[in-house]
Structures are given as structure tokens and as C-alpha cells.
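Not measured: the values here are computed from a predicted model.
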Amino acid sequence: MASEQTEAAKPATMSPQERRAIRIIPYIVGCALFMQMLDSTVVATALPTMALSLDTSVIRMNTIITSYLLAVAVFVPISGWAADRFGARKVFLAAILLFTASSVACALSQTLPQLVISRVIQGMAGAMMVPVGRIILLRRVPKDQLLSAMAVLTLPALLGPIIGPPVGGFLVTYASWHWIFLINIPVGILGIALVLRYIREDYPTERPPLDWLGFLLSAVCLATLVTSFENIGHGTISWANLGWLTLAGLMAGLWYIWHARQVAYPIIDLSLLRTKTFAISVLGGNLCRFSLGAAPFLLAIMLQTNFGMSALAAGLITFTGAIGALGMKLVAPPIIRRYGFRKVLIVNAWLTGLFIALCAMFQVTTPMWLMMAVLTAGGFFRSLQFTAVNALTYADLESEAMSQASSFAAMAQQLAISLGVACAAVSLNVSMSLRGATSVATQDTIWAFLILGAITAISSFSFARLSASDGESLQQAPSKTRKATR
């Protein structure tokens, strides 16, 4: 592994094929990430139609979302071990293949139990697919090109929640719910072909034993916490049971922290938090990620329930956030190289929080162009923030730590996104309770957006702990490195 990183750090010694592979790897991993993010958001739009087709209730159909999220939460921690044990390329290929095959199984399901089983398998594949793909990127892409690579990789994470609702609404309206799973087939086939063509085989130099107790403890911790967060606001689980679930998750987490200090190869390496840039990126970055799932959730409620828009019309407005994210791709690396990670992350955290909070000002009379302008700017700053955070996370880690770091970061992101949606749901419920109402009104979403914006802005205090020199290894332009190598 170390030899691969050394070779990757010397672009002048690479063949044209190797350089081309380095340029395309972020797109390959981004392809897998987009497939997962789109799939996880597009399903919610189709639930009523799917319930009618499978002769069940919409409330029971919610199990296909929770089963997927639970499978992802349980198996994310094991992804780093699997990459080290069997080889990242082999695991990545198998995960894409399994995700595509399970998507077909979802489309062919005739009953709710069949669909739930298919979704669990799909979640297992998704838990391996994205973290292991990120491991490949981190091992193969030189650090001075990591900023540009992360700019590419950030886009699918932002586009999936934005594109998902309108795509789901379109497919359900003009085709059938089966197509929300079948659209994964061409993307999966393309991903497999690109992996076979551009990513060479890697042969692990070590075969660490699986930390079975750590795996079970992390599985209980993550499964119970994600379940608790996802069910807040749904009313499907009583507050007492939610409290017991949360307590069980926290106890399992504390037990794991003790256990991880006693074993040589913990499934989640907590010693990574001793690296300052990694620890700050995980804390501050995941406070920013609260908005990743919560903002589309709140916008859907505001535009459809409060303003009376159709799912397709609301989706087309929120899609403007993707335009801002796309505009970021070219300018984010130069901005970060010009001002440095510390300054960009501090200032941009406030800007990102501001544009989230501005959504609270939307009214049914607000001009559509103004809403689209706010969402476009918000998409730009949010994408800039994630590009910087995603790159800084791995700035000071050695190549041997990338597998553990990727699974650790993926686990933290999963919790942050779930907690963000839970925070939005609690805000809505508290506001409705104070009004004595049983249905959501515009004023309820106002408080949720303001709280979400404040949480994002608060992340700036975490980034303030960075020094001006942190992340310098990522800020040198690739052309300078090539010239120096010659």
C-alpha cells in the first residue's frame, strides 16, 4: 500500500495510462456515490404508489427505508477491514455488483417482505461501496491532487438528495415505481466497466483479524442510534421506547470505546482522533452535514405541504441547489489554495449557515427567482465547505491509515445525516406543540431552518482550532509538483 502511495506521489514517473486513471478515479467513485445517494432519496417519493401496488399501508412501507439505513449503519465499520483483508478493488467491484443485483431484486419484489430483504442486501452493498471506493481514491490520488478529486466526489453527495425527489416523482407519475430501482442498472454496469478498465488490482500486504466483539458493539450502537434518530417525528415508536433505544446505543458506544483500547486491531480506530486535522474535520464537518438530509426534507414540506406545489414543481426549484454545487467544482480548489483551509472553513461555515437560515424567509408570495437564487448560492457554499472538509480529513494521515479513516468518517457521516433529519423533525414537532396544532405550517419550518443554519454556523468554532499551515500538503498546485519532480 505504501509503495502505491509513493508511486502516486511522483506524477512525472507515471505512464499516460496511469495519469488517466488518476484523473478518472474520482468520477468512478462518484458514480457509485451518486447511485447510492439517489437511491436512498428517490424511494421516499414513491412510497404511496408502492404501498398501493403491494397492497399494504404507507406506514408499513417505511420499513424499506429503515431497513436500508440499518444495514448501512451496521456494515459501514467493517468496510475498512474488508478492504485491507481482501483488497480494495475486489471489494469495490463486488459491492457495485451486489448493489446493482439487489436493485433488480427490489424491482422484481412482489411482497413487502421480499422488498425489505432486497433492501437489506442493498444497504450492505452500499455500506461497502462508497467507503471502499474512497479508500481507492485516497491510496491512488497524490495529495496535491486531492482537492480537485474531492471537488468531484462532493457533487454526488449533494446532487443525490436534490435530484432524488423530482426523479422519483417523474418516474412514479409517468412510468412505475419499479423504475426507481431499475435506473441503477446502467449506472452499475458503467461503474463495473470503469473499475475493470482503470483501477488495477491491489494485493493487501497484511491480513488483520476481524474484531468480532467490536463489530457487534458498533453494530448495536449505530443501529439503535440511527433507528432512534430516523423515527423521531414519525410517531411510529413511542418516546419511551426511543429513550431506551438511545440509551442502549450510548451504552454500546461506551463499551466499544473501552474495548477499542484493549485490542490491537479495533474495527473503528479511535486513535485516529489524535490527528488534529482528522478530529476537527469529523466534528466540524459533521455539524455541517446536519443540513445534507435535513434541508431537502424541510424544503419538501415547505414547498409541497405549505405552498401547495406539486412534487415535480418543488423538485425543480430545489434542483437549483445542484447548479450552485456544479459551479463550485471549478473554483473550490483555487479558493482553498488562495486563502487556506482555516480561513475558508471558518468564513464559509457562516455563509453556509446564513443561506440555510434564509430559507426560513420563504413565503408563498416569495418570487420563484428569489428562492432559486438563494438555493443556488446555498448549494455553492455548501459544496465548497464539503470539498474542503473532505480533503482536510485525510491531509495528515499515512496511507496505511486510510482504510480505517474512511470507514470511521463514513460512520460519523451516517450518524450526522440521520441526526440532522431528527433535529429538523423535533423542531417541527416542538413548534407545532407550542401552537397547539396537528399539521405543519410555514412558521414551523421557519424555526427548523433557523436552528439548522445556527448549527452549521457553530461548526466554525471547531475549524478555528486549525492553524494557518494545516492542510498545506493539499494546497500545492499539481503543475508545481510535476515541475519540481522533473
Side-chain angles (χ1 to χ4, degrees), residues 41 44-45 47-48 51 57-63 65-66 69-70 161 165 223-250 286-309 311 314 317-318 352-366 371 374-375 378 414-459:
T41 55
T45 308
L47 286 185
S57 67
V58 176
I59 295 177
R60 289 193 65 198
M61 285 301 300
N62 192 56
T63 56
I65 295 178
T66 56
L69 293 172
L70 284 176
T224 52
L225 290 180
V226 169
T227 300
S228 299
F229 298 157
E230 288 296 325
N231 280 279
I232 290 176
H234 292 321
T236 54
I237 298 179
S238 68
W239 284 106
N241 288 335
L242 280 176
W244 284 113
L245 273 176
T246 304
L247 180 62
L250 294 175
N286 285 314
L287 285 175
C288 294
R289 284 189 180 89
F290 271 43
S291 66
L292 198 56
F297 165 72
L298 291 173
L299 283 169
I301 291 176
M302 173 181 279
L303 297 178
Q304 295 180 51
T305 305
N306 298 341
F307 295 175
M309 295 184 182
I317 291 177
T318 57
T352 304
L354 172 64
F355 278 94
I356 292 173
L358 283 177
C359 294
M361 304 298 106
F362 292 170
Q363 299 291 329
V364 69
T365 56
T366 303
M371 287 192 285
V374 170
L375 294 176
Q414 182 72 23
L415 284 175
I417 294 172
S418 299
L419 189 55
V421 175
C423 180
V426 169
S427 300
L428 293 175
N429 282 335
V430 170
S431 178
M432 286 189 294
S433 297
L434 292 175
R435 293 191 303 109
T438 57
S439 59
V440 181
T442 303
Q443 61 206 83
D444 301 317
T445 57
I446 289 176
W447 286 110
F449 275 119
L450 291 176
I451 292 171
L452 202 61
I455 291 173
T456 302
I458 287 172
S459 68

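Smallest separation of non-hydrogen atoms from Phe290 and Leu419: CZ-CD2, 3.4 Å. Heavy-atom minimum distance, Leu303 versus Met371: CD2-SD, 4.1 Å. The minimum heavy-atom distance linking Gly378 with Phe355 is given by the pair CA-CB, 3.8 Å. The minimum heavy-atom distance linking Met432 with Asp444 is given by the pair CG-OD2, 3.3 Å. Minimum heavy-atom separation, Cys359 to Leu375: SG-CD2, 3.9 Å. The two atoms that bring Gly420 and Ala294 nearest to each other are O-CB, 3.4 Å, heavy atoms only.
In this structure, OG1 on Thr445 lies 9.5 Å from CG on Leu450, to the nearest 0.5 angstrom. Note that CE of Met302 is 11.5 Å distant from CD1 of Ile317, once rounded to the nearest 0.5 Å.
At least one side-chain heavy atom of Gln363 sits less than 4.5 Å from a side-chain heavy atom of Thr442. Between Leu298 and Leu428 there is a side-chain heavy-atom pair separated by less than 4.5 Å.
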- [ ] Evaluate side-chain contact (heavy atoms from CB on, under 4.5 Å) for Phe362 paired with Phe449, printing each intermediate quantity in order.
- [x] CA-CA 10 Å; Phe362 292 170; Phe449 275 119; over 6 Å; no
Open item on the list: Determine whether Val364 and Asn306 satisfy the following criterion, side-chain contact (heavy atoms from CB on, under 4.5 Å), listing intermediate values before the conclusion.
Closed with: CA-CA 8 Å; Val364 69; Asn306 298 341; over 6 Å; no
Task: Derivation and outcome, side-chain contact (heavy atoms from CB on, under 4.5 Å), residues Ser291 and Ile455 - done: CA-CA 9 Å; Ser291 66; Ile455 291 173; over 6 Å; no
Task: Worked check of side-chain contact (heavy atoms from CB on, under 4.5 Å) between Leu225 and Leu415 - done: CA-CA 8 Å; Leu225 290 180; Leu415 284 175; 4.1 Å; yes
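In this structure, Ser228 contributes its side chain and Thr224 its backbone to a donor-acceptor pair below 3.5 Å. A distance-only check finds a donor-acceptor pair linking the side chain of Thr456 to the backbone of Leu452 [under 3.5 Å].
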